[in-house]
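Shown next, in structure tokens, is the structure this report addresses.
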2 protein chains.
Amino acid sequence: MSGEGTATSTRQQRLQHNSAERRAQKKLDLRQSMLGAATALFERDGFEGFSLRQVAEAIGYSPTSIYLYFRDKEDLLHHVALEGFRSFGQDLQRAADQPGSARERLCAIGLAYLRFGLRRPLHYRLMFMVRGDWLGLPTPSGYDSVIDSFGVLEQAVQRGLDSGELRPGDLQVYTSLLWANVHGLVSLHLATPYFPAEVLEGLYLQHQEVIGRNLSP
Amino acid sequence: MSGEGTATSTRQQRLQHNSAERRAQKKLDLRQSMLGAATALFERDGFEGFSLRQVAEAIGYSPTSIYLYFRDKEDLLHHVALEGFRSFGQDLQRAADQPGSARERLCAIGLAYLRFGLRRPLHYRLMFMVRGDWLGLPTPSGYDSVIDSFGVLEQAVQRGLDSGELRPGDLQVYTSLLWANVHGLVSLHLATPYFPAEVLEGLYLQHQEVIGRNLSP
DNA sequence: TTGATTTACTTAACGCTGTAAAGTAAGCTG
DNA sequence: CAGCTTACTTTACAGCGTTAAGTAAATCAA
């Protein structure tokens, strides 16, 4: 009515474009809501109790609708874990960026590691005990900020070696020693009746002391 | 016919007794066969793939017959794990009984620990990663030979402290340090793509070296 | 504006799971 | 020989992940 041919055409195109964008956004929103419900239910029920049908019920959709947004149950849980890896990596990175001596930084990284395990036990179990194999998968698109957590520790060790604050030795050996120690503590705490939460940090600090005496030149 | 009253009576009693014994033995046999099938299937399929109905099928009984011999699936798997704990405890005890210095013995115990994890990965996962809470349960009757594995390590540390071979320090700290380290290595190997089997023993020995330098007086 | 097509989702169904309750056949007992 | 116990099976239920078929609404071409 109030526009010639070509103008009407472009307006129509723009409308179509906006409509498509709105639809795409709605899809993203729904996907995010599925992921949110999945995360909440996972944090309540853990890996064993986690159920696709309950996730669907929580968001008011049919069970099979989830398959339109995630490959399967495994894929959905994988994305739940990815949020954990992001948060975990940030915690470690923050500790690594703290000022102080190399040993202090390494100790702080381990402490951040341990506290993550205590704060989010179900996530930790999923990420490093039950489905640690996901660490071998390429990071899906949209999760680029997931930090290579092992790399953070490794770099902190490397810095200590470079600056001479750590006794010369194999980078991999030092890194794996620190990692195995803190993961051992956390996972034994989470999986067994040993090492209750109250003693865990104290135990860790004393371990650091024993190990650290030796890492010093 | 060929015996007076009292003799016949005792014979009958003996027959009844034998019959009851045979029945009791048959029950034990069947229970053992269930446990055997369960162990075999568990070692094939692991914790996640383990199914009561498949155990029943393997021994040619109906699914519900298992409930006549075990409380439920959890109870059956618990007894599968108990066999693992027995074997694990023996391995550790053997290493602890080896002659040598305290540090050598401690190193040998850890090596036995690590090799158990490599030799029976599914059992290790069940015992220490997935259902480590069973360690807090009282040992069921018939499994008295299950050795307190943590105690074996603890005693070896104590011996080293007593003899002056280890630098004076807290028993619990030393013990938990060694345990957390080797469990960390094994469980990260089993659960993640890091620490493949080929490097695991080497890594462990180098960790022992670093830690041991410090445990020495 | 209308008819065809695509999109987004649901319903129905399959085969599997652990487990409780009811049924059954054999053996033992008085 | 009747009655009870033992040992096991059959049936059934509620839940699970997942596939395939069906449906209603939105979009598009004319």
Side-chain angles (χ1 to χ4, degrees), chain A residues 1 5 8-34 37-38 41-42 45-80 131, chain B residues 5 8-34 37-38 41-42 44-80 131:
Chain A
M1 310 237 175
T8 310
S9 170
T10 47
R11 197 168 73 117
Q12 208 171 49
Q13 279 179 354
R14 247 178 295 156
L15 284 175
Q16 285 173 13
H17 181 73
N18 287 343
S19 165
E21 243 182 12
R22 266 197 306 274
R23 282 196 301 114
Q25 186 56 46
K26 271 221 161 185
K27 284 200 73 170
L28 281 180
D29 286 353
L30 180 47
R31 193 188 144 96
Q32 202 54 37
S33 126
M34 286 177 173
L41 280 174
F42 170 78
D45 301 333
F47 180 78
E48 317 263 296
F50 182 79
S51 139
L52 271 193
R53 295 176 112 103
Q54 286 182 31
V55 174
E57 175 132 25
I59 57 169
Y61 281 77
S62 75
T64 52
S65 62
I66 296 182
Y67 289 85
L68 302 171
Y69 295 85
F70 297 91
R71 185 167 33 79
D72 52 15
K73 183 189 185 182
E74 157 139 352
D75 188 38
L76 177 55
L77 263 182
H78 181 37
H79 282 82
V80 170
R131 292 309 308 265
Chain B
T8 309
S9 168
T10 48
R11 198 169 71 118
Q12 207 171 50
Q13 280 179 356
R14 248 178 294 159
L15 284 174
Q16 286 173 15
H17 181 72
N18 286 345
S19 165
E21 242 182 12
R22 266 197 306 274
R23 281 196 300 114
Q25 186 57 46
K26 270 221 161 185
K27 285 200 71 169
L28 281 180
D29 286 353
L30 180 48
R31 193 188 143 96
Q32 203 54 37
S33 128
M34 285 176 173
L41 280 174
F42 170 76
R44 199 193 65 186
D45 301 332
F47 180 78
E48 316 262 293
F50 183 79
S51 139
L52 270 194
R53 294 177 112 102
Q54 285 183 29
V55 173
E57 174 132 26
I59 57 169
Y61 281 78
S62 75
T64 52
S65 63
I66 296 181
Y67 288 86
L68 303 170
Y69 295 86
F70 297 91
R71 186 167 32 77
D72 52 15
K73 183 188 184 182
E74 156 140 353
D75 187 37
L76 177 55
L77 263 182
H78 181 34
H79 282 82
V80 170
R131 292 310 307 265

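Proteins get letters first, then strands, A, B, ... in listed order; numbering begins at 1 in each. Note: hydrogens, waters and symmetry copies are ignored here, and every other heavy atom, side chains too, is used.
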For E74(A), is the CD atom crowded, meaning more than 12 foreign heavy atoms sit under 6.0 Å from it?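 It does: E74(A) CD has more than 12 such atoms within range.
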
Grab the [atom1]-[atom2] distance between [X] and [N] for me, whole Å please.
X      : N       : atom1 : atom2 : value
F50(A) : dG17(D) : CZ    : P     : 8 Å
K27(A) : dT6(C)  : NZ    : C1'   : 12 Å
I66(A) : dT19(D) : CD1   : P     : 14 Å
L52(A) : dT19(D) : CG    : P     : 11 Å
Y67(B) : dT10(D) : OH    : P     : 17 Å
L76(B) : dT19(C) : CG    : C1'   : 14 Å

Closest to the [X] side chain: [options]?
X      : options                   : value
L68(A) : dT19(C), dT17(C), dT10(C) : dT10(C)
K73(A) : dT19(C), dG17(D), dC8(D)  : dG17(D)
S62(B) : dA8(C), dC9(C), dT10(D)   : dT10(D)
Q54(A) : dC8(D), dC16(D), dT19(C)  : dC16(D)

Reckon Y69(B) has a side-chain N or O less than 4.0 Å from the OP1 or OP2 of dC8(D)?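 It does, given that an N or O in the side chain of Y69(B) lies less than 4.0 Å from OP1 or OP2 of dC8(D).
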
L30(A) side chain near K26(A) side chain, heavy-atom distance below 4.5 Å: no

Of the non-hydrogen atoms in S65(A) and S62(A), which two are nearest, and what is the gap between them?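 Looking at all heavy atoms of both residues, the shortest contact is OG-O, 2.6 Å.
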
Nearest heavy-atom pair of A56(A) and I66(A): which atoms, and what distance?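 Closest heavy-atom pair between A56(A) and I66(A): N-CD1, 3.9 Å.
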
Is there, by distance only and without an angle test, a donor paired with an acceptor across the side chain of R53(A) and the base of dG15(D) below 3.5 Å?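 Such a pair does not exist between side chain and base.
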
Between dT11(C) and T64(A), counting only base atoms on the nucleotide and side-chain atoms on the residue, is there a donor-acceptor pair under 3.5 Å?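 Result: at least one qualifying N/O pair found.
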
